[in-house]
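Comments concern the structure below.
Protein chains get the first letters and strands the later ones, always in sequence-line order, with residue 1 at the start of each.
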Protein chains: 2
Amino acid sequence: MEQIDRAIVAALSADGRLSFTDLAERVGLSVSAVHQRVRRLEQRGVIRGYAAVVDYEALGLPLTAFVAIRPTDPAAPDDAPERLAHLPEIESCYSVAGEDFYLLKVRVASPVDLEGLLQRIRSMAGVTHRTTIVLSTPYEGRPARPPVPPADTD
Amino acid sequence: MEQIDRAIVAALSADGRLSFTDLAERVGLSVSAVHQRVRRLEQRGVIRGYAAVVDYEALGLPLTAFVAIRPTDPAAPDDAPERLAHLPEIESCYSVAGEDFYLLKVRVASPVDLEGLLQRIRSMAGVTHRTTIVLSTPYEGRPARPPVPPADTD
DNA sequence: ATTGAAATTTACTCTGA
DNA sequence: TCAGAGTAAATTTCAAT
């Protein structure tokens, strides 16, 4: 990955529907050259896909929370992520260092729905949990800004 | 928002580059009707934009962490989100209930870079912090599945 | 790896129902 | 609010450097 690829990723990260024409203009290459680079970035998995950025309030899911979970029996097989994967309210699942084992980000319509979700999580994953309610979101999912890698000194 | 709009949002949430042709087929409407609905969803802010989903490891940012921060002086004006906004390593900033005031999600290249970032956060926002390192990410940012709203009983 | 151009598909607009 | 037709613009492929 060098400069131009990083510029492409940054641009598509900010606007995933940029046309190849616009993208080509921005990075100073021909349309077909950027086309080829984008395809390669997709194939290499650097760009994993494209998604609409939605307003969860407008969608009817105004309540976001982080749920830290920890197995009741730390010796039991730890397959919590798979057991929880089918719950659509769980947007993300991170395995973390520290007191807890996993951190979940969840989106629900109301406190009552959060209560129901937590009950389901408890019953399914054999876990205890600690929940942090999100009050507001100053910003979220800002576009990736690929770092400049350390210079090769061969 | 009714059924068809929810289907559109779900589809574009999973694949933000779906053509209107494919989208129309999926929701069973003409291309121009879907086009019109998508434009309206964008104008109403339900769809806030589109973004490439990137692999942060491949991008050179393999280390993700959650940083909980809390002002050293709780009486001081609380403008931490704005003060921190210019740091590109901070992907998201949530105002939260509980012991801490804000929860940040950050992406960096290495532990040393995380150390540097935490120093900058401390010096700029007048805060203490608690950091949770992400070891792995079973899943993240799964497509939004708009809920079925409670039926109108007029 | 890059370009320019041809061929195809898609986006977008407008008209009418 | 939807469908259809027409135009403009984009994507995609290809030959050549």
Q: Applying side chain to side chain contact (heavy atoms under 4.5 Å, CB included) between A:Arg39 and each of A:His35, A:Arg37, A:Gln43, report the one that passes.
A: A:His35
Q | Interatomic distance, A:Thr64 atom OG1 to A:Glu91 atom CD [nearest 0.5 angstrom] | A | 7.5 Å
Q: Measure from the side chain of A:His35, starting at C-beta and using heavy atoms only, and say which of C:dA11, D:dT1, D:dT12 lies closest.
A: D:dT12
(Q) Distance check needed: D:dC2 P versus B:Gln3 CD, whole Å only. (A) 13 Å
Q. Of the nucleotides D:dA10, D:dC2, C:dT3, which has the atom closest to the B:Arg37 side chain?
A. D:dC2
Q. What's the closest nucleotide to the A:Phe20 side chain, out of C:dT10, D:dT11, C:dT3?
A. D:dT11
Q) Which residues, ordered by chain and number, are linked to B:Leu135 in its hydrophobic cluster, where ILVMFWY side chains connect at heavy-atom gaps below 4.5 Å, directly or through other members? A) none
**Q.** Bend angle of the helix from C:dA1-D:dT17 to C:dA17-D:dT1, from helix axes over five pairs at each end, nearest 10°
**A.** 30°
Q) Between C:dA1, D:dT11, C:dT3, which one does the side chain of B:Arg17 approach most closely? A) D:dT11
Q.
Can you identify which nucleotide, out of C:dT3, C:dA1, D:dT1, has its nearest atom closest to the A:Leu29 side chain?
A. C:dT3
Q) With respect to the side chain of B:Gln36, which nucleotide from C:dT2, C:dA11, D:dC2 is positioned closest? A) D:dC2
Q) What's the CG-P distance between B:Leu23 and D:dA3, to the nearest Å? A) 13 Å
Q. If you measure from the Lys or Arg side-chain nitrogens to the Asp or Glu carboxylate oxygens, is any gap between B:Arg130 and A:Glu99 under 4.0 Å?
A. no
Q: Compare every heavy atom of A:Ala58 with every heavy atom of B:Val46, then report the nearest pair and how far apart it is.
A: CG2-CB, 3.8 Å
(Q) Expressed as a whole number of angstroms, how long is the span from B:Asp22:CG to D:dA10:P? (A) 19 Å
(Q) Less than 4.0 angstrom from a charged side-chain N to a carboxylate O is my criterion; do A:Glu140 and B:Arg48 meet it? (A) no
Q. Rounding to a whole Å, what distance do you find between A:Arg40:CZ and D:dT12:C1'?
A. 16 Å
Q) So A:His129 and A:Ile121, side-chain contact (heavy atoms from CB on, under 4.5 Å) or not? Walk me through it. A) CA-CA 9 Å; A:His129 58 83; A:Ile121 290 174; 5.6 Å; no
(Q) Below the 4.0 Å mark, does C:dC12 have OP1 or OP2 next to a side-chain nitrogen or oxygen of B:Arg39? (A) yes
Q) Of the candidate nucleotides D:dA3, C:dG4, D:dT1, which contains the atom at the shortest distance from the side chain of A:Ser32? A) C:dG4
Q: Return the value, rounded to whole Å, for the distance between atom CD of B:Glu25 and atom C1' of C:dA11.
A: 17 Å
